Amino acid sequence: MSISRGLLNQTLTIQNRTEVDDGMGSITHTWADLGSFKGRISPISAQERLMQDKTGMTTTHRIYCDPMTVTPKDRIRWGSYYFEIIGIRNPSELYHHIEIDTREIN
């Protein structure tokens, strides 16, 4: 079973945190675009939020996309919105899509 291409209706950008020399002997952290991908952003349900309150998790959105290389050290940009990666799942270990739990950040 694969995820329907029509459901992947947003273009998102994966970003990686990089270190840059500030020219004065210090290091500055910045985010560099690694590339874009098609995905679907879904806010988590009220029921899922209640369950999270019991576990202390703070996921706000789930992103569905084709399998790709992504780690919790990366973040996702969608227009002017940014999402910290909390967890990555490969449902049923079939690699037909991945689900990325995220937290919206300012």
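The structure displayed is predicted, hence computed values, not measured ones. Residue numbers run from 1 in the order of the sequence given.
The side-chain contact (heavy atoms from CB on, under 4.5 Å) test applied to D21 returns no partner, not counting sequence neighbours. Legend: residues meeting side-chain contact (heavy atoms from CB on, under 4.5 Å) with I27, ordered by chain and number and at least two apart, are E19. For D33, the salt bridge (Lys or Arg N to Asp or Glu O under 4.0 Å) partners two or more places apart in sequence, or in a different chain, are R77. Legend: residues meeting side-chain contact (heavy atoms from CB on, under 4.5 Å) with E99, ordered by chain and number and at least two apart, are R62, Y64, R89, P91, H97. Applying the side chain to side chain donor-acceptor pair (under 3.5 Å) test to R75 and every residue at least two apart in sequence or in another chain returns Q15. Residues passing the side chain to side chain donor-acceptor pair (under 3.5 Å) test with N16 are D74, sequence neighbours excluded. With sequence neighbours excluded, the residues satisfying side-chain contact (heavy atoms from CB on, under 4.5 Å) with E104 are T60, H61, Y81, F83. Partners of T28 by side chain to side chain donor-acceptor pair (under 3.5 Å), not counting sequence neighbours: none found.
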- Message: Applying side chain to side chain contact (heavy atoms under 4.5 Å, CB included) to T59 and T102, what does each step give before you reach the verdict?
- Response: CA-CA 5 Å; T59 301; T102 64; 5.5 Å; no

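Hydrophobic cluster of Y82: the remaining members, joined at side-chain heavy-atom separations below 4.5 Å, are I105, listed by chain and number. Taking a 4.5 Å side-chain heavy-atom cut-off between Ile, Leu, Val, Met, Phe, Trp and Tyr, the cluster of Y95 contains only that residue.
Paired with W78 under the rule side chain to side chain contact (heavy atoms under 4.5 Å, CB included), one option of I63, L12, T13, T11 passes, and it is L12.
Screening residues 12-43 for ring pair (Phe, Tyr, Trp, His ring centres under 6.0 Å) gives no qualifying pairs among residues at least two apart or on separate chains.
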